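Okay, so here's the structure we're looking at.
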2 protein chains.
Amino acid sequence: MNRYPIENRILVAIDCIIFGFDGEEIKLLVIKRNFEPEKGNWSLMGGFLHHNEDLEDGAERILYDLTGLKNIYVEQIFTAGRIERDPVERTISVVFFALIGIRDQDKEAVNAHNAHWLSLERKPPLIFDHDDMVAKAIEHLRYKAALHPIGFELLPERFTIPKLQKLYEAIYNVQLDRRNFSRKILSTGLLMDTGEKDDQSSTKKATLYRLDQEKYKNKFSSFWHFMPHPGIE
Amino acid sequence: MNRYPIENRILVAIDCIIFGFDGEEIKLLVIKRNFEPEKGNWSLMGGFLHHNEDLEDGAERILYDLTGLKNIYVEQIFTAGRIERDPVERTISVVFFALIGIRDQDKEAVNAHNAHWLSLERKPPLIFDHDDMVAKAIEHLRYKAALHPIGFELLPERFTIPKLQKLYEAIYNVQLDRRNFSRKILSTGLLMDTGEKDDQSSTKKATLYRLDQEKYKNKFSSFWHFMPHPGIE
DNA sequence: AAAAAAATGTGTAAGATTGACACGTTTCCA
DNA sequence: TGGAAACGTGTCAATCTTACACATTTTTTT
């Protein structure tokens, strides 16, 4: 037996949602679609799954082809399958997401590929059901960040506590108390003082920290109860 | 244009993981597979997605056909896509899960369909990558139950606090303090005293509660910080 | 029939955590 | 040079958590 006696094989797509953080707000990586339908409109990085590749490999291939980004850890979040979600033909799409710190070398690669970082707050509508995918991805990010120290993935190797706070404020769209945030984060023991100061910032230089990789790995799988109290709707 | 110029359409399956709770331990609903390959071995409830149905509808159709269970709320958890996960041909499978209270009428329907409730602790190996799917589903359950009052879905309409505690102990595989658990649960305000006692239990009869449906719906989307502290691995 | 055992329900006190602030320090800029 | 802006540390009351003691109800044992 080489095939199931069934006729309804379906086109399987992959779409990638990449979040970045520039120190002020969360950005979404998108691309201008270069084939019909919806040619020229904003789209997530997408493509079709090949017969001989795993889902994650497909996501990484598509990401590299469309943006030049390599070695990105992608994580599957859900599969979109509404019958009419693609007007051309029935297509289900497995959606992946990734968090990256926006670095200069990445910026060049990305721009060379006609991709762009858009502000999550002020982004234009995307094609098909991609806005819905992004909404689900934000929800997923909020879930994960509430339970795991995942926020660091969005920051450069060295970062300040105020930047980290801005990140969490952007994720949950809340205002946090500077003093209490600092205390809570430091009490996790995940941060190591580099001894250096941030020379980017305008007034008093903030201390640059980096992740204690050892503790980070150990603590990652356990809950860490970091979430703003009022709830995230 | 009615089709994309691509040749690699793929078979899309759906598999359903149904958890139940009998007051002592968590059960998994499985079925003896009645077609090749792996005919006669334990399997999740599965089938192929039809061309004209949404994913959720497919899951509910398959569940009804194989077990007689109706009006079950299913929730997608992930999509399994390893190249060689099905030996017959490349198949990706969208995995759904649902929580149900094991009721007597369901038991009959289920048995009539050759399906069985197996103890999650002592279950035999399942076919293909179904064991992996179950492991992911447990993880998903732990996540959700840590943040949302989802546990009630696994209980009958009226239940006692000690039963609820047993459920949480089964989900997280921990021991909880009776007194503290009771206080924490009652403080949520989600439980309403029915005034009745559980006549099933052996020694002192425990009070039967039921969910305050109004508050349940309101509170559902917000975090509720219920999780055992040591972490869940 | 009384005593022991098992399970449930209520209370309490020490310790830890949180939330809301005060106050001092460093750096930039007018 | 003085003030504004951003950062860092400290305090304290209120709340929540943890670890128990003790009383009550029902079943089982002797």
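Just so it is clear: chains get the letters A, B, ... in the order the sequence lines come, proteins before strands, and each one is counted from 1. Computed from a prediction, not measured in an experiment: that's the story for all the values here.
Partners of A:Gln213 by side chain to side chain contact (heavy atoms under 4.5 Å, CB included), not counting sequence neighbours, listed by chain and number: A:Leu211, A:Tyr216. The side-chain hydrogen bond (donor to acceptor under 3.5 Å, both in side chains) test applied to B:Asp54 returns no partner, not counting sequence neighbours. Every residue was checked against the ring-ring contact (aromatic ring centres under 6.0 Å, His included) condition with A:Phe96, not counting sequence neighbours, and none meets it. Every residue two or more places apart in sequence or in another chain was checked for a side-chain hydrogen bond (donor to acceptor under 3.5 Å, both in side chains) with A:Asn218, and none qualifies. Under the rule for a ring-ring contact (aromatic ring centres under 6.0 Å, His included), A:Phe21 has no partner lying at least two apart in sequence or in another chain. B:Asn34 is linked by a side chain to side chain contact (heavy atoms under 4.5 Å, CB included) to nothing, counting only residues two or more places apart in sequence or in another chain.
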Sequence neighbours left out, cut at 3.5 Å: what donor-acceptor pairs do the side chains of residues 159-166 of chain B make with other protein atoms?
from     : atom 1 : to       : atom 2 : distance (Å)
B:Thr160 : OG1    : B:Lys163 : N      : 3.2
B:Gln165 : NE2    : B:Glu169 : OE2    : 3.1
B:Gln165 : NE2    : B:Leu176 : O      : 2.9

Within the sub-3.5 Å range, which N or O atoms of nucleotides 22-26 of chain C have a protein N or O partner, and how far apart are they?
from   : atom 1 : to       : atom 2 : distance (Å)
C:dA22 : N7     : A:Arg179 : NH1    : 3.3
C:dA22 : N6     : A:Arg179 : NH1    : 2.7
C:dT25 : O2     : A:Lys204 : NZ     : 3.3

Under 3.5 Å between N/O atoms: give me all the protein pairs with nucleotides 13-15 of chain D, atom names plus distance.
none

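Annotation: of the two residues near DNA chain C, B:Arg183 and B:Ile161, the 5′-most nearest-nucleotide partner is B:Ile161.
Spacing between atom CD of A:Glu169 and atom P of D:dA6 amounts to 13 Å, rounded to whole angstrom units. Computed from coordinates, the A:Leu186 CG to D:dG10 P distance equals 12 Å when rounded to whole Å. The distance from atom CG of A:Leu176 to atom P of C:dG19 is 10 Å, rounded to the nearest whole Å. Nucleotide D:dC7 holds its P atom 15 Å from the CG atom of A:Leu191, rounded to whole Å.
Salt-bridge annotation for A:Asp22 and A:Lys27: present, with a side-chain N of the basic residue lying under 4.0 Å from a carboxylate O of the acidic one.
Between A:Ser187 and C:dT17 there is no side-chain N or O to OP1 or OP2 distance below 4.0 Å.
Residue B:Thr207 is classed as a sugar-phosphate contact, given heavy-atom separations below 4.0 Å to backbone atoms only.
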